[in-house]
Amino acid sequence: MININSKLPAVGTTIFTVMSKLAADHQAINLSQGFPDYDPDPQLLAEISQAMKTGFNQYAPMAGLPLLRELISEKIESLYGTKYHPETEVTVTAGGTQAIFTAINTFISAGDEVIVFEPAYDCYAPTIKLLGGLVKPFELQAPDYKIDWEMVKKLFSANTKMIIINTPHNPTGSILRKPDIEALIKLTKDTDILILSDEVYEHIIFDGEQHQSVALYPELAERSLIVASFGKLLHATGWKVGYCLAPEKLMSEFRKIHQFNVFSVNTPMQAGIANYLKSSHVYQEIPVFFQQKRDYFQELLKQTRFELLPCKGSYFQCVGFRNISEEKDTDFAKRLVSTLGVAAIPVSAFYTKKIDNQVIRFCFAKEDSTLEKAVNKLIKL
């Protein structure tokens, strides 16, 4: 027998994989994992195909195709007023998760502490632990998942190295507003604390709210790495193309790790996306598109016994089920799949301590007909 010492002994298969497999096993409607069930814009697909036909099939530059980096830089300056130099401060990555993994690997060492707001996307904590870092979770509570920044300050120590924020937030659909950012500026002033800002849902924000990117605030931008995703923007999560933004001093370190992680990212995808974005209005269209989805799904869910929690961004709707069952959220979610044929994610999976507020998460990035079929089943509860 070969003895193996696991670097992540407490980590198993992700809840996304578990629930998607259950959905497949029971031929259920999968509202668990966050991906659309409709195709991207045909024009985008045509641009990808054309890129392949015209020779974009070999390694891209390590940092990404220059045209795509230039477009990213122009977009950020236009939206948030901060200039990231495309040569030294923008790196194309193999999706948002790879960018997050690389950012944490770049700056976290054994003994470093990282403050994470939970429920949290499930790649943060394992990556920190893999490096010998310590996760300092700040536990947010349903229904609004607001941050008490005075309490956050109590988590600070001499070993605090990084704070990870995520807005719009997965899984809760909450957002950070200007007072949150002002509190974060105050807390990190005159420190060496870095910020990893997960902004992959930046364009999926509703009700006239402004996305509070750290790029809007020079005091934060200078200490921050921003992660974004073309998968969310272009309805193409399977392409795994994203990017990271950071000041040159931070980005030069990020690239040292990136080059030995994936080195470079899918070339025809980069070329096709760049050509598509040159003539697309997708940045303006995405909030409208998904707000219509959210509003329609919420109206459908009002026919059920679920309690709708606030959803200000992302393409996730959280619901409470206290009026329906006293089960643990994991048991309730599994029962939904096996008996009703609808898959959701139990929100306790996003907490280190598996805190159960009897809340589950649905993904509404689906065809209207898919949402209708799902709710017709959920009405039976």
Discussion item. Go through it in stages, so that I can follow the logic: the residues are Ile100 and Cys123, the test is side-chain contact (heavy atoms from CB on, under 4.5 Å), and I'd like the CA-CA distance, side-chain angles, deciding distance and then a yes or no.
Written reply: CA-CA 8 Å; Ile100 292 165; Cys123 84; 3.7 Å; yes
Discussion item. Would you say the rings of His258 and Phe101 are close, in the sense that their centroids are separated by under 6.0 Å?
Written reply: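 Here the rings of His258 and Phe101 have centres that are no less than 6.0 Å from each other.
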Distance-minimising heavy-atom pair for [X] and [Y]:
X	Y	result
Gln298	Cys311	NE2-CB, 4.1 Å
Ile48	Pro268	CD1-O, 3.7 Å
Asp144	Ser174	O-CB, 4.0 Å
Asp356	Asp329	OD2-N, 3.0 Å
Ile205	Pro287	O-CB, 3.6 Å

Item to complete: Test the Lys312-Phe206 pair against the cation-pi criterion, namely NZ or CZ under 6.0 angstrom from the six-membered ring centroid and within 45° of the ring axis.
Response: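 Pair Lys312/Phe206 does not count as cation-pi.
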Parallel, tilted or perpendicular: which describes the rings of [X] and [Y], with under 30° parallel and over 60° perpendicular?
X	Y	answer
Phe117	Phe138	perpendicular
His235	Tyr38	perpendicular
Phe362	Phe306	perpendicular

Is a salt bridge present between [X] and [Y], judged by a nitrogen-to-oxygen distance below 4.0 Å?
X	Y	value
Arg294	Asp207	yes
Lys21	Asp25	yes
Lys293	Asp368	yes
Glu222	Lys249	no
Glu299	Lys302	yes
Glu209	Lys178	no

Any side-chain donor paired with an acceptor under 3.5 Å for [X] and [Y]?
X	Y	result
Arg322	Asn357	no
Glu202	Tyr80	yes
Gln284	His203	no
Lys278	Asn275	yes
His85	Glu248	no
Thr17	Thr14	yes
Ser369	Glu367	no
Tyr217	Glu182	no
Gln50	Thr54	no
Tyr121	Asn166	no
Gln58	Thr267	no
Asp180	Trp149	yes

Any sub-3.5 Å donor-acceptor pair from [X]'s side-chain atoms to [Y]'s backbone N or O?
X	Y	answer
Asn376	Glu372	yes
Ser325	Glu327	yes
Arg305	Asn323	yes
Arg223	Thr188	yes
Lys366	Asn30	yes

Worksheet entry | Trace of the side-chain hydrogen bond (donor to acceptor under 3.5 Å, both in side chains) decision for Glu253 with Thr106 | CA-CA 7 Å; Glu253 296 299 317; Thr106 303; over 6 Å; no
Fill in: Full working for side-chain contact (heavy atoms from CB on, under 4.5 Å) between Leu336 and Leu378
CA-CA 8 Å; Leu336 279 188; Leu378 296 174; 4.1 Å; yes
Worksheet item: How would you list, by chain and number, every residue that makes a side chain to side chain contact (heavy atoms under 4.5 Å, CB included) with Thr160, sequence neighbours excluded?
Response: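 With sequence neighbours excluded, Thr160 shows a side chain to side chain contact (heavy atoms under 4.5 Å, CB included) to Glu113, Ile115, Phe156, Ser157, Ile193, given in chain and number order.
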Discussion item. Exactly one of Val241, Thr237, Val282 should register a side chain to side chain contact (heavy atoms under 4.5 Å, CB included) with Phe230. Which one does?
Written reply: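 Between Phe230 and the candidates, side chain to side chain contact (heavy atoms under 4.5 Å, CB included) is satisfied uniquely by Val241.
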Discussion item. Could you check whether any side-chain heavy atom of Leu309 comes within less than 4.5 Å of a side-chain heavy atom of Tyr145, counting everything from C-beta outward?
Written reply: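 They are in side-chain contact.
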Worksheet entry | side-chain contact (heavy atoms from CB on, under 4.5 Å) assessment of Arg69 paired with Glu74 | CA-CA 9 Å; Arg69 284 184 279 136; Glu74 290 169 5; over 6 Å; no
